[in-house]
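Structure, as structure tokens:
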Protein chains: 2
Amino acid sequence: MAKRKVTITDIADEAGVSVPTVSRVVNGRDDVSPATRARVEELLDRHGYRRRGTSGSRAALLDLVFTDLDSPWAVEIIRGVEEVAHEAGVGTVVSAIHDRAGSARQWLTNLRARASDGVILVTSALGPGIQDELRRLGVPLVVVDPAGSSAPKEPTIGATNWAGGMAATEHLLELGHRRIGFIQGPPRLLCSRARLDGYRAALDAADVPADTALVVPGDFYHEAGFTGCNRLLNLPEPPTAVFAASDQMALGAIEALRRRGLRVPEDMSVVGFDDLPEVRWSAPPLTTVRQPLSEMGRLAAQMALDLARRVQPASPRMELATELVVRASTAPPREV
Amino acid sequence: MAKRKVTITDIADEAGVSVPTVSRVVNGRDDVSPATRARVEELLDRHGYRRRGTSGSRAALLDLVFTDLDSPWAVEIIRGVEEVAHEAGVGTVVSAIHDRAGSARQWLTNLRARASDGVILVTSALGPGIQDELRRLGVPLVVVDPAGSSAPKEPTIGATNWAGGMAATEHLLELGHRRIGFIQGPPRLLCSRARLDGYRAALDAADVPADTALVVPGDFYHEAGFTGCNRLLNLPEPPTAVFAASDQMALGAIEALRRRGLRVPEDMSVVGFDDLPEVRWSAPPLTTVRQPLSEMGRLAAQMALDLARRVQPASPRMELATELVVRASTAPPREV
DNA sequence: CTGAAAGCGCTTACAG
DNA sequence: CTGAAAGCGCTTACAG
């Protein structure tokens with residue numbers, strides 16, 4: 001996989017320039033002609049050149065990349081990754097890419113200079129171009145909660161989202177609910193689709209007809225839970241329970257209910273997904289599907305570290321178990 | 001300040017051993033006699049040796065150190081630091097020290113190997129020994145929300161905690177509350193003491209006698225808000241409002257009230273401190289004192305980067321403004 | 001704008 | 001367990 005590490009000598013030979021010239025390009029000096037610089041840079045990129053100082057230093061840095069750093073979600077993953085990395089004497093570099101191409105480039109340049117030993121990508125914050133480049137650099141890549149296709153080339157870590165969606169829905173069915181609303185996650189994420197399918201599968205297994213009006217869009221954030229819940233309440237025949245595909249949306253839904261003077265769980269049951277630490281303390285404490293986020297982080301870090309040491313992971317794809325946590329936001333429907 | 005960088009040659013000379021031997025110690029090989037290793041390690045530490053590869057590379061890494069990575073608080077700081085660092089093409093290494101001495105050592109060793117360009121410490125997670133060592137290494141240090149003395153040697157970034165504590169209390173006084181409970185933060189933190197003093201100052205200014213029974217201990221976490229609030233409710237003459245020194249404790253307090261069937265704000269007003277993103281969505285949305293956490297992170301990162309480039313910061317100590325955000329958890333007391 | 005030469009900091013065999 | 005020797009990857013003057 002990783003052929004002999006390229007040195008500036010190699011690049012110089014291939015470019016037909018001297019070693020000092022390549023050195024200048026690598027260090028971003030401005031005393032190089034544009035033509036030469038372009039040629040050398042192209043070669044540098046193509047070969048995935050990485051500054052090596054003198055010789056191979058031990059794994060010392062792991063990169064953890066998010067699209068945004070704007071949810072309590074993120075800190076759980078960071079915690080898991082940091083724990084494993086810290087134990088291994090490895091630093092954890094946290095970045096947010098914000099879906100901007102320039103931002104990803106910036107990060108990649110820095111990553112190369114730092115000679116990072118592995119990358120953990122949360123929900124594929126990177127375009128395929130960048131991923132190819134990582135491959136060329138020989139930096140191992142692990143994806144947590146992948147977005148794209150169901151058969152990515154990279155090893156992935158996820159949770160049993162389908163089973164979790166099913167468990168939450170079964171819980172509501174067992175309480176006697178028949179009309180159960182569902183607030184979706186962003187459809188591009190695999191985990192969103194799996195949760196929705198789990199919901200549908202549970203309804204199906206219970207012979208409850210699926211009403212498409214009961215499934216409303218969302219994006220995992222509070223606001224979407226708020227508006228989604230309002231939408232469900234405005235239905236001619238509103239549901240008696242709401243299953244939100246994330247805890248944040250569940251809290252948004254509870255706020256929508258509170259504003260209408262409806263009580264949880266007396267007037268409406270609400271279930272979330274994630275089990276963020278704070279939902280133990282929401283009013284009322286949230287029934288939700290626990291996703292072992294920090295465990296997922298730990299596992300991803302372990303895998304990335306193994307790959308950096310050229311140890312093949314036991315399995316290239318892993319799903320950790322989700323678990324229904326019943327608290328105080330669910331109860332039988334009024335009419336029963 | 002920073003004398004000539006030490007090389008392994010310097011260390012070898014001083015220790016009276018060969019260069020390869022020092023190299024072996026630095027790389028943690030085990031084929032060195034304990035006596036030699038000890039002598040060399042002592043010298044390495046004393047001179048603050050840092051691997052330099054070949055020659056000086058640009059600022060590329062900033063270290064952000066927490067005691068624990070267990071609160072939504074942390075992610076706000078991380079976000080601010082990461083933004084500034086990212087823009088500067090610098091990576092952000094996040095670590096949790098957990099108050100364990102060995103953990104700090106581990107981190108320091110890694111930091112040295114990585115040649116970090118600056119350290120941002122959140123609430124002084126490090127012992128003074130480690131701080132001295134950083135100084136020797138010539139790595140600039142910025143402290144966010146300092147713990148110890150009020151006149152630290154390092155530049156610090158904080159918020160106007162005293163003014164915030166006062167503003168929250170004044171708000172409750174204006175609503176007509178006279179018995180206001182206070183749930184404290186950990187007393188070793190400067191910010192905790194300042195919030196308490198702000199609370200007292202407001203009572204004092206309004207000529208409301210301070211009842212020491214109304215001040216209960218806490219540690220910023222949910223649980224402490226829960227038990228603290230229960231303690232206040234069990235008082236012979238309970239308060240009509242609770243000011244918690246953190247949002248998480250405020251949410252814990254709301255849960256304690258809910259369990260007793262008391263409504264917020266009808267039966268009891270609750271104010272928090274921080275304005276974490278999620279408290280906009282608590283039930284009811286929390287009145288709180290906004291602390292610009294991500295701004296504090298941004299500022300700390302900017303300062304650390306400046307110091308790394310030997311630019312003196314405008315002021316070595318800075319407090320960003322807090323701001324009262326009134327939402328739905330406060331109202332006039334019943335009896336008025 | 002570029003290269004030949006010297007040199008720096010470090011590591012890797014090898015020998016004992 | 002330790003050092004003398006060779007060498008690697010890179011940079012820094014210097015010269016043109």
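Letters go in sequence order (proteins before strands), and every chain restarts at 1.
Between the side chains of B/Ser116 and B/Asp63, at least one donor N or O lies within less than 3.5 Å of an accepting N or O. If you check the side chains of B/His86 and A/Ser103, you find a donor sitting under 3.5 Å from an acceptor.
B/Phe66 has its side chain out of reach of B/Ser95: every pair of non-hydrogen atoms, C-beta onward, lies at least 4.5 Å apart. When side chains are defined from C-beta on, B/Ile120 counts as touching B/Val81, because their heavy atoms get closer than 4.5 Å. The closest side-chain heavy-atom distance from A/Val142 to A/Thr156 is not below 4.5 Å.
Rounded to an integer number of Å, the gap from CD1 of A/Ile8 to P of D/dC10 is 5 Å. Going from atom CD1 of B/Ile11 over to atom P of C/dC8 covers 18 Å, rounded to whole Å. Taking atom CG of B/Asp13 as the reference point, atom P of C/dC8 lies 14 Å away to the nearest angstrom.
Of the nucleotides present, D/dG16 is the one that pairs with C/dC1 by Watson-Crick or G-U wobble criteria, both distances under 3.5 Å.
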Donor-acceptor pairs under 3.5 Å, side chain of residues 69-76 of chain A to any protein atom, not counting sequence neighbours: which ones?
{"from": "A/Asp70", "atom 1": "OD1", "to": "A/Tyr221", "atom 2": "OH", "distance (Å)": "3.2"}
{"from": "A/Asp70", "atom 1": "OD2", "to": "A/Tyr221", "atom 2": "OH", "distance (Å)": "2.9"}
{"from": "A/Ser71", "atom 1": "OG", "to": "A/Trp73", "atom 2": "N", "distance (Å)": "2.9"}
{"from": "A/Glu76", "atom 1": "OE1", "to": "A/Arg79", "atom 2": "NH2", "distance (Å)": "2.8"}
{"from": "A/Glu76", "atom 1": "OE2", "to": "A/Arg79", "atom 2": "NH2", "distance (Å)": "3.3"}

Strictly under 3.5 Å: I want the nitrogen or oxygen pairs between protein and nucleotides 1-4 of chain C, one per line.
{"from": "C/dT2", "atom 1": "OP1", "to": "A/Ser33", "atom 2": "OG", "distance (Å)": "3.0"}
{"from": "C/dT2", "atom 1": "OP1", "to": "A/Thr36", "atom 2": "OG1", "distance (Å)": "2.4"}
{"from": "C/dT2", "atom 1": "OP2", "to": "A/Ser33", "atom 2": "N", "distance (Å)": "2.9"}
{"from": "C/dT2", "atom 1": "OP2", "to": "A/Thr36", "atom 2": "OG1", "distance (Å)": "3.4"}
{"from": "C/dG3", "atom 1": "OP2", "to": "A/Ser18", "atom 2": "N", "distance (Å)": "3.0"}
{"from": "C/dG3", "atom 1": "OP2", "to": "A/Ser18", "atom 2": "OG", "distance (Å)": "3.1"}
{"from": "C/dG3", "atom 1": "OP2", "to": "A/Thr21", "atom 2": "OG1", "distance (Å)": "2.8"}
{"from": "C/dG3", "atom 1": "N7", "to": "A/Arg24", "atom 2": "NH2", "distance (Å)": "2.8"}
{"from": "C/dG3", "atom 1": "O6", "to": "A/Arg24", "atom 2": "NH1", "distance (Å)": "3.4"}

